[in-house]
Amino acid sequence: MSKEQDWAEEQLRVDEITSVIGERIGKIEHEVGFVRKDVVEMRREFWDEVTMNFMEEVDLGETSISMRQQSEVLFEREHRHKNSAEEIKRLRKLLQSPYFGRIDFAEYGNEPERIYLGIASLLDKDDNEFLIYDWRAPISNLYYDSTPGPASYRSLNSEIEGELTLKRQFGIRDGKIRFMFDTGITIGDELLQAVLSRSSDAQMKSIVATIQKEQNRIIRDDRSQLLIVQGAAGSGKTSAALQRVAYLLYKYRGQISADQVVLFSPNPMFNSYVSTVLPELGEENMVQATFQEYLERRLGHEFKLEDPFEQLEYVLSSASEPGYDARMEGIQFKSSDQFMQLITSYKEMLLQEGMIFKSIPFRGKAVIAASQLKQKFYSYDASIKLANRLALLRDWVLKAVARHGKEQYGELWVEEQIELLDQEQYQQAYERYLAMTGGDEDPSASEQALSERDIMARMVVSSKLKPLRKWVKALRFVDTTSLYCELFRNESLARRLTGDGTLPSYWHQLSNQTIDRIKEGELAYEDSTPYLYLRELMLGFHSNNGIRYVFVDEAQDYSPFQLAFLRRLFPRAKMTALGDFNQAIYAHSSALQDAGPLYALYGPEQTELISLTRSYRSTQEIVTFTRGMVPGGEHIVPFNRSGEKPAVTVVKERSVLHEVLAADVQKLIDQGYESIAIICKTAKESEAAHKLLTGMLTAAPRLIKKTTPNFEKGVHIIPAYLAKGVEFDAVFIYNGSKKQYSRESERKLFYTACTRAMHLLHIYALGELTPFAASQPDDTYTYVRVEAKDAVTSPVGQD
């Protein structure tokens with residue numbers, strides 16, 4: 001059959017399928033109209049349909065049954081209406097683009113079957129035959145992993161073997177085939193070219209039509225407790241992870257739901273960026289949060305918490321300040337597996353000695369002294385676990401507080417408080433009094449006076465003791481803050497707990513920094529997780545057993561300590577950690593730096609490592625230029641999509657930089673580029689650049705801050721660390737000079753900024769160019785030096 005005949009035949013099928021979908025939408029919409037009308041009427045007439053009678057016990061039972069029956073009918077109608085609305089939404093998506101692929105597969109001994117793949121399944125009118133298979137169905141795996149020839153796929157517990165005779169890919173828009181081709185590889189470059197050459201969007205899109213074989217391994221991995229994905233910039237890590245969520249929700253439908261999957265993302269703006277992927281596939285969004293949001297929820301009421309961006313701002317801009325080296329060493333130490341082991345050993349030691357308590361206070365005096373609490377704590381059997389011992393101590397304290405309360409009834413302060421009671425409080429006391437006297441409103445005068453006064457006193461004391469009882473029940477008498485600070489006050493204790501006695505060289509200085517900051521009511525970012533871990537070890541872990549899958553994006557920004565903490569926080573969950581060690585920009589050691597601690601989380605036999613080396617985001621020229629900046633970059637394989645070479649412009653004056661930069665950005669705005677980023681090193685530099693560039697462009701640039709909630713199209717001025725995980729049509733590095741990026745610790749930050757570019761990359765340098773760019777081969781970029789204003793126009797966006 002000729003290509004033209006194939007095309008005509010396939011278009012005829014598209015027409016038939018879209019006709020079926022259109023009819024089904026019309027039918028469901030008609031049904032939904034009636035159901036909606038029923039729901040509205042039932043809500044309006046609900047009480048009219050229910051027989052109300054509260055006079056007799058039998059009538060009350062009948063009323064209850066009537067209400068329950070009516071509410072059940074209403075719930076059924078509302079549930080039906082919701083499902084129908086979701087079905088219409090799904091069908092409308094299919095109407096635009098019913099499917100993207102076709103495979104012909106002949107199971108051995110059977111005739112070939114045509115299988116069409118789309119974002120959702122579609123059955124014929126009798127529900128007997130699949131017109132479209134969901135991309136997550138077991139048989140669809142053939143499309144992603146197999147080439148024409150012998151092939152097999154796993155369905156339930158059996159392996160289905162046969163021959164794949166055809167693999168065809170489509171581009172269908174508005175019911176018309178835009179392109180179609182047969183391929184012998186997994187996904188044809190033609191389809192990828194079409195997808196990758198488009199402009200970036202305000203939200204990440206589904207990649208189900210272009211999933212590569214190595215990405216499919218990530219999506220369909222069912223074996224691993226921990227799946228580690230180490231992927232180059234632009235290799236599709238996050239996209240594959242989101243498709244993995246959709247796959248898991250499909251495969252385990254009825255066993256897990258979207259609210260049992262949590263994604264830890266780098267910042268709130270990233271949550272907005274990925275928020276449409278799962279709904280596009282017909283699934284609800286999983287729970288999305290940042291690790292900082294979790295820390296704030298647990299510790300924010302006790303301390304002012306530094307966030308990772310504040311820490312990074314300090315790291316990038318405060319190298320000349322006193323105490324900088326000590327802080328850097330402290331960040332490394334407190335984020336390490338070694339420090340986690342130290343705290344674990346500390347907890348074991350506290351079973352025998354060293355506990356620190358707060359006195360139990362009431363009205364400015366100690367009801368129980370801290371020394372008494374310590375004595376009582378160590379009087380319990382040494383074999384009792386620490387958390388259980390604290391529970392016993394809590395119960396003992398509550399009884400002691402109750403006894404102390406009774407002793408306060410006759411005190412003068414209680415009499416004074418009784419005099420201040422208002423009419424409502426008197427009424428409450430009187431009702432309690434009646435309950436105590438059996439409703440006798442005329443007891444003897446002395447008994448009445450005694451009872452009233454006693455009840456008033458009880459009410460006053462109980463009210464004043466209520467906050468204290470709550471405080472005790474929360475185990476707030478355990479002085480967690482002092483216990484944590486003791487690790488830094490007592491050097492001999494810290495050395496003993498390390499095992500080998502080795503502490504950081506700046507120990508005294510970093511210890512003073514830690515204690516001084518805590519005294520001010522602040523916790524540095526590197527202290528938050530260790531502090532919370534110590535508290536959890538003592539008071540009992542707040543584990544979440546309901547979460548079944550945890551996804552950690554930008555895992556290279558997490559320390560081994562933090563990932564181990566997440567492991568304990570979600571004990572029943574499988575974890576997927578996605579990252580790129582070459583984008584590890586924080587001062588602590590990355591969890592991806594050494595696989596050892598990661599493999600220890602679940603054990604080597606339960607851990608799978610998948611490496612993605614092919615980069616799809618950027619053009620071949622951008623990848624060729626940027627991969628030389630990082631160790632091992634030679635293993636990064638660019639996708640075969642050509643564009644302009646990255647451009648470098650060196651200027652001597654800041655005013656010239658702004659003139660040239662603004663002109664180049666304006667040129668792209670005029671050419672219709674929708675997503676442009678001006679990437680600065682820090683938030684401070686971003687604010688200064690925004691102030692100076694606003695008014696120089698026809699499209700006002702948007703300043704991106706750590707609190708920016710949404711990702712939108714347009715011109716963005718953004719710190720490099722907030723651009724992680726996001727992509728732009730064009731990237732302008734605001735000042736890629738040697739002065740800004742010269743320390744080895746800044747190499748990965750510069751690399752991260754450059755790799756945000758899809759189509760165009762331009763680096764400006766005020767003075768000498770950063771060695772990370774200058775060291776690249778001359779033929780990988782174009783170079784322009786501008787001596788004065790209006791001297792040269794940079795070669796950006798040229799045809």
Side-chain angles (χ1 to χ4, degrees), residues 204 214-248 256 260-267 270-271 274 277 286-295 308 335-337 340 529 533 543-544 547-586 588-613 632 721 724-725 748 752:
M204 181 179 284
E214 67 273 19
Q215 294 169 333
N216 197 42
R217 283 182 61 203
I218 297 167
I219 293 167
R220 296 176 187 259
D221 181 279
D222 287 327
R223 186 191 68 84
S224 312
Q225 288 291 115
L226 171 62
L227 177 61
I228 306 168
V229 181
Q230 161 62 42
S235 58
K237 301 180 294 294
T238 303
S239 295
L242 293 170
Q243 319 303 311
R244 173 168 169 74
V245 175
Y247 168 77
L248 293 169
I256 65 167
Q260 292 177 292
V261 181
V262 61
L263 168 67
F264 283 97
S265 53
N267 53 62
F270 182 84
N271 287 339
V274 302
V277 175
M286 67 261 145
V287 179
Q288 292 176 251
T290 65
F291 188 61
Q292 182 67 19
E293 286 171 341
Y294 175 76
L295 293 175
S335 304
S336 67
D337 185 60
M340 189 175 207
T529 306
Y533 179 66
S543 300
N544 188 325
I547 298 296
R548 304 301 300 275
Y549 288 90
V550 173
F551 288 77
V552 181
D553 204 4
E554 305 293 351
Q556 75 279 350
D557 295 338
Y558 288 72
S559 67
F561 198 134
Q562 290 171 329
L563 285 188
F565 182 84
L566 288 178
R567 168 73 177 94
R568 291 199 62 162
L569 181 62
F570 303 106
R572 293 187 62 206
K574 292 184 176 182
M575 184 182 293
T576 302
L578 315 133
D580 176 13
F581 178 63
N582 285 322
Q583 296 182 64
I585 62 175
Y586 288 94
H588 58 247
S589 294
S590 168
L592 295 184
Q593 184 174 13
D594 178 10
L598 281 179
Y599 277 94
L601 289 179
Y602 293 86
E605 68 285 349
Q606 296 291 327
T607 303
E608 179 80 15
L609 172 63
I610 297 177
S611 295
L612 302 177
T613 58
Y721 53 81
K724 291 167 66 67
K748 292 176 180 178
T752 299

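Remark: Glu605 CD to Gln225 CD distance equals 10.0 Å, nearest 0.5 Å. With rounding to the nearest 0.5 angstrom, the OG1 atom of Thr290 is 8.5 Å from the CZ atom of Phe264. Rounded to the nearest 0.5 angstrom, Asp557 CG and His588 NE2 are separated by 6.0 Å. Distance check: Phe570 CZ to Ile547 CD1 gives 6.0 Å after rounding to the nearest 0.5 Å.
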Point to revise | Stepwise side chain to side chain contact (heavy atoms under 4.5 Å, CB included) check, Glu608 with Arg217 | key: CA-CA 11 Å; Glu608 179 80 15; Arg217 283 182 61 203; 3.0 Å; yes
Point to revise | Leu248/Arg548 under side chain to side chain contact (heavy atoms under 4.5 Å, CB included): CA gap, chis, key distance, verdict | key: CA-CA 10 Å; Leu248 293 169; Arg548 304 301 300 275; over 6 Å; no
Exercise for review: For the pair Tyr294 and Leu569, evaluate side chain to side chain contact (heavy atoms under 4.5 Å, CB included) and give the outcome as yes or no after the intermediate values.
Suggested key: CA-CA 11 Å; Tyr294 175 76; Leu569 181 62; 3.2 Å; yes
Exercise for review: Test Gln292 against Asn267 for side chain to side chain contact (heavy atoms under 4.5 Å, CB included), laying out the working first.
Suggested key: CA-CA 9 Å; Gln292 182 67 19; Asn267 53 62; over 6 Å; no
Review point. So Tyr533 and Phe561, ring-ring contact (aromatic ring centres under 6.0 Å, His included) or not? Walk me through it.
Key: CA-CA 9 Å; Tyr533 179 66; Phe561 198 134; 5.5 Å; yes
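Residues Ala577 and Ala555 approach most closely at CB-CB, 3.9 Å, considering heavy atoms.
No side-chain heavy atom of Thr607 sits under 4.5 Å from any side-chain heavy atom of Leu598. Residues Ile610 and Gln230 fail the side-chain proximity criterion, which asks for heavy atoms closer than 4.5 Å. Looking at Met340 and Thr529, their side chains never come closer than 4.5 Å, going by heavy atoms from C-beta outward. Taking the side chain as every heavy atom from C-beta outward, Phe551 and Met286 never approach each other to under 4.5 Å.
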